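The structure appears below as structure tokens.
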Amino acid sequence: MYIVNESERDYRFGDSGPKYLMKGPRMNFAVVQFQAGQDFKAHLHNVMEEDFYILSGEIDIVVDGVVNHLKEGDLIHIEPGETHYCVNNSSAPVKMVSVLAPYQEVDKVEVDGYTY
């Protein structure tokens, strides 16, 4: 059994990015937040699939060049090998859950110069 409160963890970039509540042994679970105008570099995973569930706000998640505009209550599933890029083009913060599985200690491949 494992219990953690979100208040016990910090976002990677101060007020934005992922806040991992659990990393492994079988999956990663994070709360992710982006302020208006912020983004997260395009990347893919070789083994892990990733799900984003939007808790509040709106975000554009580009998957293999297709822009997906997501809002509160939406879920997007991203398969291994699919390049994805997150950008908050709205005027308010977005908060979402990210689940990655199966757990791999190193599986993120950053994509330089990504355009869509």
Side-chain angles (χ1 to χ4, degrees):
M1 188 173 89
Y2 179 82
I3 298 174
V4 63
N5 187 283
E6 179 185 349
S7 66
E8 298 171 26
R9 300 290 190 264
D10 296 319
Y11 290 108
R12 184 181 295 167
F13 308 115
D15 67 348
S16 68
K19 177 193 291 191
Y20 285 96
L21 304 185
M22 184 173 73
K23 289 190 93 169
R26 288 176 288 287
M27 64 177 273
N28 288 347
F29 185 98
V31 176
V32 182
Q33 180 169 278
F34 294 109
Q35 303 302 318
Q38 291 182 326
D39 66 352
F40 194 76
K41 187 171 183 166
H43 64 282
L44 61 91
H45 305 281
N46 288 313
V47 176
M48 294 191 292
E49 57 189 39
E50 186 164 18
D51 294 308
F52 289 105
Y53 177 75
I54 313 307
L55 297 170
S56 62
E58 299 179 29
I59 190 161
D60 291 327
I61 299 181
V62 183
V63 181
D64 286 345
V66 176
V67 179
N68 302 278
H69 183 77
L70 304 170
K71 60 187 181 334
E72 183 177 328
D74 287 340
L75 177 131
I76 187 170
H77 175 79
I78 301 166
E79 290 286 332
E82 291 182 321
T83 299
H84 48 290
Y85 166 69
C86 301
V87 57
N88 182 353
N89 288 315
S90 77
S91 59
V94 63
K95 190 170 187 178
M96 54 192 180
V97 168
S98 167
V99 177
L100 293 117
Y103 174 76
Q104 300 290 302
E105 188 173 336
V106 178
D107 189 47
K108 185 170 93 172
V109 178
E110 292 189 347
V111 178
D112 292 322
Y114 185 73
T115 58
Y116 61 96

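Keep in mind that what you see is a predicted model, and the values were worked out from it rather than measured. What you see below is based on every heavy atom in this structure, not just the backbone, and it leaves out hydrogens, waters and symmetry mates.
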Check step by step if side-chain contact (heavy atoms from CB on, under 4.5 Å) holds for D112 and K41. CA-CA 8 Å; D112 292 322; K41 187 171 183 166; 2.4 Å; yes
Answer yes or no: are there more than 12 heavy-atom neighbours, outside K108 itself, under 6.0 Å from its atom NZ?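 Atom NZ in K108 is packed in, count exceeds 12.
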Let's go through I54 and K71 carefully: what are the C-alpha distance in whole Å and the side-chain angles of both, what is the deciding distance for side-chain contact (heavy atoms from CB on, under 4.5 Å) to 0.1 Å, and is it a yes or a no? CA-CA 6 Å; I54 313 307; K71 60 187 181 334; 5.6 Å; no
Quick one: are [X] and [Y] in side-chain contact, heavy atoms under 4.5 Å?
X	Y	result
F40	V32	no
N68	V66	yes
N88	Q35	no
N46	P80	no
M22	V4	no

At what distance, to the nearest 0.5 angstrom, does [atom1] of [X] lie from [atom2] of [Y]?
X	Y	atom1	atom2	result
F13	F34	CZ	CZ	8.0 Å
I78	C86	CD1	SG	6.5 Å
N89	Q38	CG	CD	12.0 Å
L100	D107	CG	CG	8.5 Å
F52	L70	CZ	CG	9.5 Å
M96	Q33	CE	CD	10.0 Å

With distance as the sole criterion, is a donor-acceptor pair present between the side chains of N28 and Y20 under 3.5 Å? no
Is it true that [X] and [Y] fall in one hydrophobic cluster, defined by side-chain heavy atoms closer than 4.5 Å?
X	Y	answer
Y11	F29	yes
I59	V67	no
V99	M48	no

For the side chain of H84 and the backbone of H43, is there at least one donor-acceptor N/O pair under 3.5 Å apart? yes
Do you know which two heavy atoms are closest between [X] and [Y], and how far apart they sit?
X	Y	value
E72	S56	OE1-CA, 4.1 Å
M27	A101	CB-CB, 3.9 Å
E6	L21	CA-CD2, 3.8 Å
P25	Y103	O-CB, 3.5 Å
D60	H69	OD1-ND1, 2.7 Å
S91	A36	C-CB, 3.6 Å

